[in-house]
Amino acid sequence: MHRVLIVELRKLNRSLAAALAIAAPGLIAVFTFFNMLRGKAPQPWDIWMVGATGIWAFFMLPMSVTALTALVAHMEHGPRTWDHLRALPLPRWTLYAAKALSVFLVLALMSVGVFVLSWAAVKLAVVLKPELAPTGVFDASTYLTTLGRMYLAATLVVVIQLWISLRWSSFVPGLVVGIGGTFFAVVATSARVGVFLPWQMPVNMLATEGWRMQTALGLGLGGGLVLLVLMLWHLSRREVL
């Protein structure tokens, strides 16, 4: 498994995954930077950092997952290398498990990137306009904990998108489901049923109602792990991808 994962990470290193991992958090940082420069008075740190994590969970995270899973799957679908990989003397499930682990690793790096780049964007804006220096305490542990919960709650949507991307050689089904899921998550933001929508589970980590956050976290992480096992079992038994 270790060797398969190393090979998978080397493939990602030669793909657009690195650019995606920087671009998504970077766009949030750019938005935060220019939005702060438009201000007329200093705002608390929470305004900027919670706002950045909200954008990440609300839109950029599900769209990044859609793009990343399509990219990871297309590395094999494109050159049609599945037959070669499945003929290797390895347990088939390790091929798909390595794909999943690589996606989760990149997503973790992107989550950290949201924190670091958003903080850097605020600091850079303060250099240009010192009078806008944020007030209050920079509670790094709280911001990182929130991002960590969003990461765990996104487990279900990651597995759904990866399963679809690996199952079909065309990237269209994955994009349609990802864009559609994100759209419905946006329009159902305040709906009680939204807590059960996988694409909305990460943003529920910002909910003020404890039941909503705990339900989304439990379903997102627990349901994602169960679905991951089912995905590995299903794809390992298929003879053709």
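These values consider heavy atoms only, across backbone and side chains, with no hydrogens, waters or symmetry-generated copies.
- With hydrogens and angles ignored, the 3.5 Å screen pairs a side-chain donor or acceptor of Tyr151 with a backbone N or O of Phe104.
- Hydrophobic clustering (ILVMFWY, side-chain heavy atoms < 4.5 Å, transitive): Ile47 and Leu37 are in distinct clusters.
- Residues meeting the side chain to side chain contact (heavy atoms under 4.5 Å, CB included) test with Val137, sequence neighbours left out: none.
- Contact check for Met110 versus Trp56: side-chain heavy atoms found under the 4.5 Å cut-off.
- Counting only distance, with no hydrogens or angles, the side chain of Ser102 and the backbone of Lys99 share a donor-acceptor pair below 3.5 Å.
- At a threshold of 4.5 Å between non-hydrogen side-chain atoms, the residues Met231 and Leu162 count as touching.
- Taking every heavy atom of both residues into account, Leu217 and Met205 meet most closely at N-CE, 3.6 Å.
- A side-chain donor-acceptor contact under 3.5 Å links Gln161 to the backbone of Gly178.
- Minimum interatomic distance between Thr182 and Pro62 (heavy atoms only, all atoms of both residues): OG1-CB, 3.5 Å.
- Nearest heavy atom pair, residue Leu117 against residue Ile22, reads CD1-O, 4.4 Å.
- When all heavy atoms of Val65 and Thr69 are compared, the pair lying nearest together is O-OG1, 2.7 Å.
- At a threshold of 4.5 Å between non-hydrogen side-chain atoms, the residues Leu235 and Trp93 do not count as touching.
- Under a hydrophobic-cluster definition in which Ile, Leu, Val, Met, Phe, Trp and Tyr are linked whenever side-chain heavy atoms come within less than 4.5 Å, directly or via other members, Val114 and Leu27 are assigned to the same cluster.
- The structure places CZ of Phe31 at 4.5 Å from CD1 of Ile55, a figure rounded to the nearest 0.5 Å.
- Once rounded to the nearest 0.5 Å, the distance linking CG of Leu144 with CE of Met49 reads 8.0 Å.
- The number of heavy atoms from other shown groups lying within 6.0 Å of CH2 (Trp119) does not exceed 12.
- The shortest side-chain heavy-atom distance between Met36 and Gln43 does not fall under the 4.5 Å cut-off.
- Here the rule is side chain to side chain contact (heavy atoms under 4.5 Å, CB included) with Val158, and of Leu107, Leu227, Leu68 only Leu107 fits it.
- The OG1 atom of Thr66 lies 12.5 Å from the CG atom of Leu71; values are rounded to the nearest 0.5 Å.
- Side-chain contact check for Pro42 versus Glu131: every heavy-atom pair is 4.5 Å or farther apart.
- Checking side-chain atoms of Thr155 against main-chain N and O of Leu152 turns up a donor-acceptor pair under 3.5 Å.
- Side-chain contact between Leu132 and Lys129 is present, with at least one heavy-atom pair separated by less than 4.5 Å.
- Residues Ser165 and Val72 are not in side-chain contact: their nearest non-hydrogen atoms beyond the backbone lie 4.5 Å or more apart.
- Residues Pro202 and Leu61 share a closest heavy-atom pair of CG-CD2, 4.2 Å.
- Between Met150 and Leu147 the shortest side-chain heavy-atom distance falls below 4.5 Å.
- The nearest pair of heavy atoms linking Ala24 to Ser64 is CB-OG, 3.4 Å.
- Put simply, CG on Leu156 and CG on Leu219 are 8.0 Å apart, with the number rounded to the nearest 0.5 Å.
- Every residue meeting the side chain to side chain contact (heavy atoms under 4.5 Å, CB included) condition with Ala140, not counting sequence neighbours, appears here in chain and number order: Phe115, Phe138.
- Note: Ile28 CD1 to Phe59 CZ = 10.0 Å, rounded to the nearest 0.5 Å.
- Here Ile160 contributes atom CD1 and Leu228 contributes atom CG; the two are 12.0 Å apart, rounded to the nearest 0.5 Å.
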